[in-house]
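Here the structure is laid out as structure tokens; the discussion comes afterwards.
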Protein chains: 2
Amino acid sequence: MRPGKAVTMMDVAREAGVSRAAVSKVIRDAYGVSPDMRKRVESAIERLGYRPSVAARAIRGSSFTIGFELHEIENPALSRILRGAAEGIEGTGYRLVIAPGDPEGQHAIDALVDLRVDGLVAIAPRATPAWLENLASRIPLVLVSRHDPSVNYDTVAGGDDEGARLVMRHLFDLGHRSIAHLTRSEEATAQEGGALAVRLGAYLDEMARNGRESRIQVLRTLSTSDAYHATVGLLDSADPPTALFASHDDLAFEVLRAVRERGLDASDLSVVGYDNVRFASHPGLSLTTVDQSGDDLGRRAVRLLLERINGRTAAKHEETELRLVVRGSTAPPRR
Amino acid sequence: MRPGKAVTMMDVAREAGVSRAAVSKVIRDAYGVSPDMRKRVESAIERLGYRPSVAARAIRGSSFTIGFELHEIENPALSRILRGAAEGIEGTGYRLVIAPGDPEGQHAIDALVDLRVDGLVAIAPRATPAWLENLASRIPLVLVSRHDPSVNYDTVAGGDDEGARLVMRHLFDLGHRSIAHLTRSEEATAQEGGALAVRLGAYLDEMARNGRESRIQVLRTLSTSDAYHATVGLLDSADPPTALFASHDDLAFEVLRAVRERGLDASDLSVVGYDNVRFASHPGLSLTTVDQSGDDLGRRAVRLLLERINGRTAAKHEETELRLVVRGSTAPPRR
DNA sequence: CGCCACTTGTAGATCGATCTACACATGGCG
DNA sequence: CGCCATGTGTAGATCGATCTACAAGTGGCG
């Protein structure tokens, strides 16, 4: 029974004793259907278990499917955004498919475009604005966690500049004067509008404003496990900082791992993350962090995209609410 | 430029001065293409940036896409399986799309079937074997973390019975005599072949074998945050158990949350999880758990599915390696 | 009674690919 | 020189839907 046993519109038409066009009209809820015909067609659909082929639809017009590009499957901050998107799409008649991919997002985005989705939500922290503009000229596009001032695609992001400054001020207020910043690779912060680039910029600026240029120290890691080793190296250095601002929670947790393993605490090295993922509130971790309402980010992205699919062309750039959540991983420095 | 500006095979054919069929042959690497024609077509493809439409392909035959049904986006154990699947598909010429869905998996699976993917990897802990058999008769299907003895679909799972017994023996060896089990809702353990059902069964059996029927205590939660409240209730009860076996790490972490908030430790209530997600090894959590190689689960599922797509019809049922990882969340009971 | 408007349903083109069947060259060989 | 095998390319049907154009039927109204 394996070989292509799918029920088609033709089968339904035969079963109901009407034409294909009639069936099409019924399922699209189009004009020109008598109550009688509707009933017969609907019962035939029911009986045969017919389901319209998205592929066949896509080839003619809309697939009623939107794509979500996700480059880090295991990053809980991204999962939170994704959950918001999934919630946001409910009841809209559209469905969501996710393509896992590389950090550039290229491969995943291509896969979704090839599927002929009606629109795209992407994170793609390493894609260049030029490439995205080009993409946006061919398909409705919304970017999450980027601040590009594009006219062709929308963006939704947290106020990363403000968030990072909240973090820095919190640390300065506690009395820290030597604060390091832990972020991703050079490429990850290369795009001016990227969230990590903005956070890095705010860190550098706040250090300068407070006259601490000489203590600026930026660490970079490729993977999360790298973050652990980088911290170990930092703690072993001659004159370690008293606080560390990690550009997102997943990195911060690895920093905490190193700190705890040494038997140290927040007075030795205060740690701040970003995103307020679920684990941050766990008493075993208790991470001070910034909540940028990741789920709201996803929900809004979907809403903006649907607006665009339905004809809006003027770009919108939104920001979500921010909130510094102070927990046990930060404290005044011991000295 | 927005309106359907996609480059089609026809455009490429025109550009290269050949027929559509010729272009098709080149991209499918089919027989009957002269080196000269190949070159011209390839350069035309390059010049126009042509990408074949998966939708159009799917309608005729294969989409070279496989679907992954994921009902809990934020569950790190599932993310781990997903990562394995994503790794396993690399270099195979297929691509992976994920559909987020409800616990029944119905909606997500339907969405993937409607997309006309070539095969399906599903977790669907609450689907009935009958429904899955029916599904498997229409599309190649592999189930993860289920032990159904189906002849129409494959399964890959950890040895859940053995794993749960490892946990129980570890707790008995430490001296625990009153052990509770925390699992999901009734529906989640209703399917006989489901991983949670098997773990529950092993718990009940081990309690009985050790003559502790009277201390059997099964708690159920709907959400992860529920697990926290359930634990609080348990700790407040008249004669609380000295150990708790949670059916997966995410629940265990919430149990630990309650334990830690009370200032209690492993001697008061030992906690064991299942899955060995990344956070389990964090010193702030340090959870004893069972590692069932979640990434391997995903990798194997993909491999089995591709075998099936390529013609295998005899069902295979595989199990992954198991390993009990003892950490700080378990200790001998205080009394 | 005849014309028009409206309702209800169908035929057939179309979307972008795949794939079978065939046409046309070319050249080897008896 | 004629026949056939081989190599190269194309025409056209096909997949499952959408959607325009139109045919047939019904009833209102002057």
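Within every chain, numbering begins at 1; the chains are lettered A, B, ... in the order of the sequence lines, protein sequences first and strands thereafter.
Closest to the side chain of Tyr31(A), out of dG7(D), dA11(D), dT7(C), is dT7(C). Minimum atom distance to the side chain of Ala21(B) is reached by dG12(D), of the listed dA17(D), dG12(D), dG16(C). Comparing dT8(C), dA17(C), dA17(D) by their nearest atom to the side chain of Ala56(B) picks out dA17(C). Among the nucleotides dG16(C), dA17(D), dT10(C), the one closest to any side-chain atom of Ser19(A) is dT10(C). Minimum atom distance to the side chain of Thr8(A) is reached by dA17(D), of the listed dG9(C), dT18(C), dA17(D). Nearest nucleotide to the side chain of Ile59(B), out of dT10(C), dA17(C), dC15(D): dC15(D). When each of dC15(C), dC19(C), dC19(D) is scored by its nearest atom to the side-chain atoms of Arg28(B), the top-ranked nucleotide is dC19(C). Ranking dA17(C), dC19(C), dA17(D) by closeness to the Tyr50(B) side chain, first place goes to dA17(C).
Following rounding to the nearest Å, Lys39(A) (NZ) and dT8(C) (P) show an atom-to-atom distance of 14 Å. Protein atom CZ of Arg51(A) is 12 Å distant from nucleotide atom P of dA17(D), rounded to whole Å. Distance, Met10(B) CE to dG12(D) P: 13 Å, rounded to whole Å. Straight-line distance from the CG atom of Asp29(A) to the C1' atom of dT18(D): 15 Å, rounded to whole Å. The CZ atom of Arg38(A) sits 11 Å away from the P atom of dG9(C) (whole-angstrom rounding). Atom CD1 of Ile45(A) and atom P of dG16(D) are 16 Å apart (whole Å). Rounding to whole angstrom units, CZ of residue Arg116(A) and P of dT18(D) are separated by 18 Å. Regarding Met37(B), its CE atom lies at a distance of 15 Å from the C1' atom of dC24(C), rounded to whole Å.
Under 4.0 angstrom from either OP1 or OP2 of dC15(C) there lies no side-chain N or O belonging to Ser53(B). The phosphate of dT18(D) has OP1 or OP2 within less than 4.0 Å of a side-chain N or O from Ser24(A).
Residues Gly61(B) and Lys25(B) each lie close to DNA chain C; by heavy-atom proximity, the contact nearer the 5' end of the strand is made by Gly61(B). Take the nearest nucleotide of DNA chain D for Met9(A) and for Gly17(B): the residue whose nucleotide is more 5' is Gly17(B). In terms of position along DNA chain C, the nucleotide closest to Asp36(A) lies nearer the 5' end than the nucleotide closest to the other residue of the pair Asp36(A) and Arg20(A).
Counting any heavy atom pair closer than 4.0 Å across all strands shown, Val23(A) reaches no nucleic acid atom.
When the options Thr92(B), Val117(B), Leu305(B) are evaluated for a side chain to side chain contact (heavy atoms under 4.5 Å, CB included) with Ile66(B), the one that passes is Leu305(B).
The side-chain heavy atoms of Leu120(A) and Glu69(A), taken from C-beta on, include no pair separated by under 4.5 Å.
Residue side chain Arg60(A) reaches the base of dT14(C) through a donor-acceptor N/O pair under 3.5 Å, judged by distance alone.
When only modelled atom types and interatomic distance are considered, Ser63(B) and Asp118(B) share a side-chain donor-acceptor pair under 3.5 Å. Side-chain contact annotation: Glu318(A) with Thr155(A), donor-acceptor N/O pair under 3.5 Å absent.
Salt-bridge annotation for Asp29(B) and Arg38(B): present, with a side-chain N of the basic residue lying under 4.0 Å from a carboxylate O of the acidic one.
More than 12 heavy atoms of other residues, nucleotides or ligands sit less than 6.0 Å from atom CD of Glu187(B).
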